[in-house]
Number of protein chains: 2
Amino acid sequence: MNLRDLSYFCAVAETSHFGRAAERCHVSQPTLSAQIKKLEDELGVTLFERSNKSVRLTAVGQEILLIAHRVQEGAADIRRAAMAHSDPLAGKIKLGIIPTIAPMIIPSLLAMTGRKFPALHLSFVEDMTDPLEDMLRSGALDAAILATDPMHSTLEEIPLYDEPFWAAFPKGHRLAQKSHLVAMDIDPQELLLLSEGHCFRDQALSVCRHAVSQNAAQADTRATSMETILNLVAAGAGVTLIPALATQGGRLAETGVIARPFTKSPRGEGASRRVRLVFRRTSPRLQLMLALSEAITDDLPPLVHAVPKEE
Amino acid sequence: MNLRDLSYFCAVAETSHFGRAAERCHVSQPTLSAQIKKLEDELGVTLFERSNKSVRLTAVGQEILLIAHRVQEGAADIRRAAMAHSDPLAGKIKLGIIPTIAPMIIPSLLAMTGRKFPALHLSFVEDMTDPLEDMLRSGALDAAILATDPMHSTLEEIPLYDEPFWAAFPKGHRLAQKSHLVAMDIDPQELLLLSEGHCFRDQALSVCRHAVSQNAAQADTRATSMETILNLVAAGAGVTLIPALATQGGRLAETGVIARPFTKSPRGEGASRRVRLVFRRTSPRLQLMLALSEAITDDLPPLVHAVPKEE
DNA sequence: TGATATCAATAGATAATAGCTATCAAAAGG
DNA sequence: CCTTTTGATAGCTATTATCTATTGATATCA
């Protein structure tokens with residue numbers, strides 16, 4: 001049995017005429033006759049009672065016609081479903097974002113996709129890098145925005161932008177006197193860090209390499225969110241590093257926290273992290289990933305830098 | 001698209017493994033891969049996200065899987081329906097019978113089919129030959145039991161039996177003195193006939209050929225049923241011919257009507273009619289027709305005669 | 001780290017089949 | 001009696017589903 005055979009069958013049943021049915025199916029009459037015969041042989045029943053003058057459905061034929069219509073409707077539903085999903089820039093997409101990026105990027109991301117991909121429905125999961133990669137690999141996420149090279153070879157990445165680090169300290173702090181800082185300006189004793197697992201903790205530490213060994217004193221004050229750390233900074237508990245985009249929006253000034261960029265090195269390499277769109281190498285939505293990354297990099301905020309093309 | 005493709009698709013979706021799915025479908029893995037790819041191309045969507053380590057349904061794939069199951073269920077329903085109708089000796093059959101046969105044959109017919117074809121459901125239409133032939137040709141009937149050669153070449157017949165004619169007259173009638181009659185014994189003035197359209201009317205007249213022209217006197221007393229005629233006979237209104245089987249059951253004796261057979265001619269040809277099973281030449285139920293006619297002739301009542309084999 | 005195992009995809013050849021044109025055979029109608 | 005209609009048949013071709021053998025890419029294990 002075959003969907004084509006069923007459509008031939010329906011055509012004959014509805015026209016009561018092999019020739020006209022063949023025309024409707026865009027095949028020759030002998031072809032159609034042969035296929036009907038094949039179907040009858042396969043089912044072991046006679047579907048039509050034929051004579052030169054008339055073609056009449058048998059009792060089984062009538063019964064089967066009803067079911068055949070149902071089956072063909074199902075086939076049409078499959079085509080419809082496929083059609084509805086054939087736009088690569090449409091549908092639902094579940095995006096994981098690390099906590100040091102999520103709050104800053106989600107509003108603009110939603111605005112941008114609403115504008116450029118009106119048929120796309122985004123949902124978000126905010127978690128740390130490792131759990132996000134796990135979810136990505138298991139299929140629980142379609143993509144993630146991360147700030148590290150993906151660990152697994154099954155994952156693919158598209159660079160989005162480089163985001164410099166800034167130092168944040170309370171108003172009146174000695175660092176406020178300089179417009180640009182260097183890593184050594186940070187006093188390891190003062191440095192506040194996110195809890196382990198946050199990639200930004202490791203990145204901040206690698207900027208302040210001199211602080212690694214001496215930071216043990218702060219072991220008991222590791223905050224689980226940027227928000228908490230900045231509150232600690234505002235309260236005068238220390239200084240910290242924050243990603244550039246976290247300086248936006250005026251929240252810092254309100255709480256009396258001051259932020260300063262670092263001086264760029266001669267080669268233009270300041271302290272920064274590379275933010276990437278990550279997804280399974282096997283993802284069927286590569287096209288969407290490319291479109292999405294391009295849309296993001298097309299309209300970057302001034303505080304971050306597009307990735308140089310040759311990379 | 002194709003029912004086979006859909007079953008391949010379902011197999012892969014359910015095993016998440018091309019090799020095992022291929023095994024389940026009894027085809028090679030490359031075959032299955034190719035067909036899935038073809039299906040994806042045709043639908044314009046990716047159904048599976050494949051890697052060496054895992055095969056995962058996409059969102060469209062999940063949606064389509066549900067519909068595909070529905071479609072396959074429909075295909076199974078078609079096969080089931082065909083299976084249920086594949087026994088040629090089962091199902092419903094609508095049988096037309098002329099009024100001068102119906103009352104005598106229906107009880108034994110029902111008993112016989114109930115015994116020999118328990119899966120067969122008979123229903124009956126009692127009418128005169130012409131309307132029955134029309135219904136037969138239009139498909140409103142599956143078969144008919146008639147006593148005439150079918151008029152249309154589209155109809156086929158199987159002889160069942162030859163049924164002699166008997167004369168019926170009131171108790172004390174002069175004919176009662178003879179044990180066997182000849183046609184000329186019938187007085188045209190007395191002959192009562194069924195109304196026009198009944199084949200038995202014409203057959204009775206052809207037996208009493210001498211009565212044809214002289215029967216005009218009875219023109220106003222044509223009864224529409226054998227029952228009525230016999231009541232007239234019982235009341236002394238005349239004599240009539242009846243088919244042999246109408247003499248069964250004791251009803252005649254109760255009403256004081258006497259029946260006598262005719263003498264057979266030297267060649268064994270008495271006055272009689274041939275009763276046949278008639279159906280469309282194109283009928284898909286030829287097998288049932290043969291079985292049915294054989295079952296009827298296998299167990300004829302003593303008053304009728306099997307049709308000689310050479311005919 | 002290198003060897004092995006796993007698994008889907010690809011290549012190339014073959015078998016099955018759906019398709020065509022031309023023709024036939026039966027029946028109906030003028 | 002001839003013509004028309006219509007489904008079935010015959011013979012051939014194009015398509016395609018299928019096979020085996022192999023590749024290439026990962027993952028696993030020693």
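Naming: A, B, ... by sequence-line order, numbering from 1 per chain. Given the structure is predicted, the values throughout are model-derived calculations rather than measurements.
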For this session: List in chain and number order the residues that pass ring-ring contact (aromatic ring centres under 6.0 Å, His included) with B/Phe9, two or more places apart in sequence or in another chain; answer none if no residue qualifies.
Result: B/Phe48

Problem set entry | Partners meeting side chain to side chain donor-acceptor pair (under 3.5 Å) with A/Thr148 (sequence neighbours left out) | none

Seminar exercise, completed: Footprint ends on DNA chain D, 5' to 3', for atoms under 4.0 angstrom from a heavy atom of chain B, come out as D/dA17 to D/dA27

Seminar exercise, completed: For B/His69, the side chain to side chain donor-acceptor pair (under 3.5 Å) test, sequence neighbours excluded, returns B/Glu14

Exercise. If you fit an axis to the five pairs at each end of the helix from C/dT1-D/dA30 to C/dG30-D/dC1, how big is the angle between those two axes, to 10 degrees?
Worked result: 20°

Exercise. Got a sec, which residues hit side chain to side chain donor-acceptor pair (under 3.5 Å) with A/Gln203, two or more places apart in sequence or on another chain?
Worked result: none

For this session: Might you work through the side-chain hydrogen bond (donor to acceptor under 3.5 Å, both in side chains) test for B/Gln29 and B/Ser33, ending with a clear yes or no?
Result: CA-CA 6 Å; B/Gln29 170 264 314; B/Ser33 286; 3.1 Å; yes

Exercise. Residues two or more places apart in sequence or in another chain: which of them pass side-chain contact (heavy atoms from CB on, under 4.5 Å) with A/Gln62?
Worked result: A/Leu57

Seminar exercise, completed: A correct 5'-to-3' footprint of nucleotides 6-18 of chain C, with B, S and - meaning base, sugar-phosphate only and no protein heavy atom under 4.0 Å, is -SBBB-------S

Seminar exercise, completed: B/Glu133 meets the salt bridge (Lys or Arg N to Asp or Glu O under 4.0 Å) criterion, sequence neighbours left out, with none

Exercise. By salt bridge (Lys or Arg N to Asp or Glu O under 4.0 Å), which residues pair with A/Asp5, not counting sequence neighbours?
Worked result: A/Lys38

Problem set entry | Partners meeting salt bridge (Lys or Arg N to Asp or Glu O under 4.0 Å) with A/Lys37 (sequence neighbours left out) | A/Asp41

For this session: Could you list the residues that satisfy side chain to side chain donor-acceptor pair (under 3.5 Å) with A/Thr113, not counting sequence neighbours?
Result: none

